[in-house]
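Here's the structure we're looking at; comments come further down.
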Number of protein chains: 2
Amino acid sequence: MMREFKRKARVLLIDDNSDHLRGIKELVTLESSFDVVGATTSANLGINLAKKYRPDLILMDINMPEKDGLQAIQEIEKLDLGCRIIALSGYDDSDLIFRAMKIGAKGYILKTMASAQLIYAMDEVASGKVYLPSALSSRFFEYFQDSYKEENAISEEENLLTYLTGREEEVLELLTQGNNYKAIAGKLFISETTVKTHVNNIFQKLQVNDRTQAVLYALNNGFANRKRAKLTA
Amino acid sequence: MMREFKRKARVLLIDDNSDHLRGIKELVTLESSFDVVGATTSANLGINLAKKYRPDLILMDINMPEKDGLQAIQEIEKLDLGCRIIALSGYDDSDLIFRAMKIGAKGYILKTMASAQLIYAMDEVASGKVYLPSALSSRFFEYFQDSYKEENAISEEENLLTYLTGREEEVLELLTQGNNYKAIAGKLFISETTVKTHVNNIFQKLQVNDRTQAVLYALNNGFANRKRAKLTA
DNA sequence: CATTTCCTCCATCCAAGGATTTACATCACA
DNA sequence: TGTGATGTAAATCCTTGGATGGAGGAAATG
């Protein structure tokens with residue numbers, strides 16, 4: 001590893017602002033560790049270039065009018081070309097950052113940042129790491145934690161699922177898999193009428209009128225989570 | 001802000017290893033910017049101390065036999081005391097890190113880390129930031145992105161939902177809210193028989209046998225996401 | 001021991017759901 | 001202009017689902 005000479009990382013630049021694109025290109029070209037294999041102002045063209053050249057690294061502006069940069073990232077990720085993508089943006093919007101990372105961006109940097117930082121980020125990402133400026137990673141975590149708050153709030157207070165008996169949970173699980181009475185009876189080795197009894201009890205306890213509502217209640221109130229928790233405990 | 005004298009952050013320490021607990025306590029006590037208001041080897045006791053003293057900062061060992069530290073974090077977060085919690089762990093397990101951050105930890109540090117780094121992390125978190133050592137944040141992001149890969153893979157390839165007409169989507173949405181034929185007819189101002197027609201078409205297109213399966217297909221294949229995407233587009 | 005909870009099962013009845021076919025109006029697009 | 005896709009609607013027939021009440025056995029709990 002130490003003696004291995006460092007291959008230049010091949011970079012593709014996508015930014016609809018041609019001035020900015022030119023600027024970045026010059027900057028990156030000057031850098032000995034990178035090799036710019038393409039630069040375009042069109043997201044669609046960029047996707048094609050990515051397919052063609054399979055760069056190691058892609059710098060993608062995500063604030064483009066024509067085609068959403070996030071969508072472009074998603075499409076490239078789907079192609080599974082092994083490119084690592086850094087999102088470029090003018091805004092440190094936490095929702096944007098979150099969405100970019102969610103769909104697979106390995107870095108997120110602001111256009112206002114110093115060029116040295118851009119190069120540093122590119123080095124990091126090219127070497128397999130993930131790069132988020134600390135200011136942005138804070139925002140990211142805030143958003144991340146917010147987005148899970150509701151989910152954690154589940155099971156909270158009165159969750160009607162807690163009133164179900166073991167057998168009723170089994171039946172409900174099979175319901176949440178789309179089984180009808182007959183199928184459930186078969187899988188639990190009990191009669192169909194017994195299943196009906198259980199299902200009726202479930203309806204009473206969950207205060208719903210039919211199986212679909214029961215299934216929805218279960219899914220919306222962490223039924224899967226609850227079970228996972230029990231299993232891992 | 002600059003002239004404001006910095007109030008000492010009040011800290012609660014929870015670690016079932018009494019030796020380690022004592023060590024941390026000494027270390028933190030020496031630090032002029034912190035005030036140790038409590039230290040205990042019991043998670044349950046720790047929760048009570050948190051309620052009583054409402055510390056600014058909690059250092060919580062998450063590898064405890066008696067009670068799971070993650071669970072303790074969750075309980076404290078539910079109390080909404082305004083404490084910021086740092087998870088302490090011996091392992092840099094990405095799943096653990098992810099779960100800790102998910103339930104609201106504002107930092108995650110390894111017991112093997114230098115004490116200076118611990119103090120730095122405490123300072124950062126106490127001042128409202130989130131702290132993850134860069135090595136761990138890489139792991140976190142890997143896990144984060146993995147956990148969304150499936151979700152992004154949806155809509156991929158053949159998603160039967162794409163074959164639905166606009167009206168069918170409306171009907172399906174009402175189905176996913178637990179409505180029966182009559183309710184749907186009422187909400188869409190069409191006859192019940194028409195709803196049946198649509199629903200039957202939906203079943204055909206989604207290749208399912210009943211409404212529950214249709215709802216499950218919709219939910220599992222990003223029906224909500226799809227709609228959100230359309231709305232924001 | 002008595003009581004309760006849970007699981008099992010049945011019968012009955014009615015409502016709702018689902019399959020199939022046919023039909024007509026509209027609209028877009030070739 | 002007509003051909004296809006869509007949205008609307010109905011009739012029919014059968015299946016499934018859901019409500020209700022009753023009942024017995026097993027196990028736990030007091």
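Heavy-atom basis, side chains included; hydrogens, waters and symmetry copies ignored. A note on names: the letters A, B, ... follow the listed sequences, proteins ahead of strands, and every chain is numbered from 1.
For the pair A:Arg167 and C:dC7, the criterion of a side-chain N or O lying under 4.0 Å from OP1 or OP2 is not met. Contact annotation: B:Thr193 reaches the phosphate of D:dA10 (side-chain N/O to OP1 or OP2, under 4.0 Å). For C:dT8, the OP1/OP2 oxygens have a side-chain nitrogen or oxygen of A:His198 closer than 4.0 Å. Between A:Tyr181 and D:dG18 there is a side-chain N or O to OP1 or OP2 distance below 4.0 Å.
Checking B:Asn201 against B:Asp210, the closest nucleotide of DNA chain D that is more toward the 5' end is the one next to B:Asn201.
Salt bridge annotation for B:Arg167-B:Glu170: present, with a cationic side-chain nitrogen under 4.0 angstrom from a carboxylate oxygen. With salt bridges taken as basic N to acidic carboxylate O contacts below 4.0 Å, one links B:Asp15 and B:Lys111. Look at B:Asp92 and B:Arg139 and you find a salt bridge, because one of the NZ, NE, NH1 or NH2 atoms lies within 4.0 Å of a carboxylate O, short of that distance.
When the options B:Tyr108, B:Phe141, B:Tyr131 are evaluated for a side-chain contact (heavy atoms from CB on, under 4.5 Å) with B:Leu136, the one that passes is B:Tyr108.
Heavy atoms of B:Thr194 sit under 4.0 angstrom from at least one base atom. Across all strands shown, A:Lys182 has no heavy atoms under 4.0 Å from either base or sugar-phosphate atoms. At a threshold of 4.0 angstrom between heavy atoms, the contacts of A:Thr165 are confined to the sugar-phosphate backbone, with no base atom among them.
Between the P atom of C:dA19 and the CZ atom of B:Phe203 lies a distance of 6 Å, rounded to the nearest Å. At whole-Å resolution of the value, CD in B:Gln207 and P in C:dG18 are 17 Å apart. As a whole-Å value, the separation of A:Lys205 NZ from C:dC7 P is 8 Å. C:dG17 atom P lies 12 Å from atom CG of B:Asn200, rounded to whole Å. Summarising the geometry, the separation between CD on A:Glu192 and P on C:dA11 is reported as 13 Å, rounded to the nearest angstrom. Nucleotide C:dG17 holds its P atom 10 Å from the CG atom of B:Asn179, rounded to whole Å. When the P atom of C:dC6 is taken as reference, atom OH of A:Tyr163 falls 13 Å away, rounded to whole Å. If you take CG of A:Asn180 and P of D:dT15, they are 14 Å apart, rounded to a whole angstrom.
Residue B:Ser191 places its side chain closer to D:dA9 than to any other of D:dA9, D:dG18, C:dC9. Closest approach to the A:Ile190 side chain among D:dG18, C:dT8, D:dT8 is made by C:dT8 (side chain taken as heavy atoms from C-beta onward).
Ring pair B:Phe144/A:Phe98: centre-to-centre distance below 6.0 Å.
For C:dC9, the base has a donor-acceptor partner in the side chain of A:Thr197 [N/O atoms by modelled type, under 3.5 angstrom].
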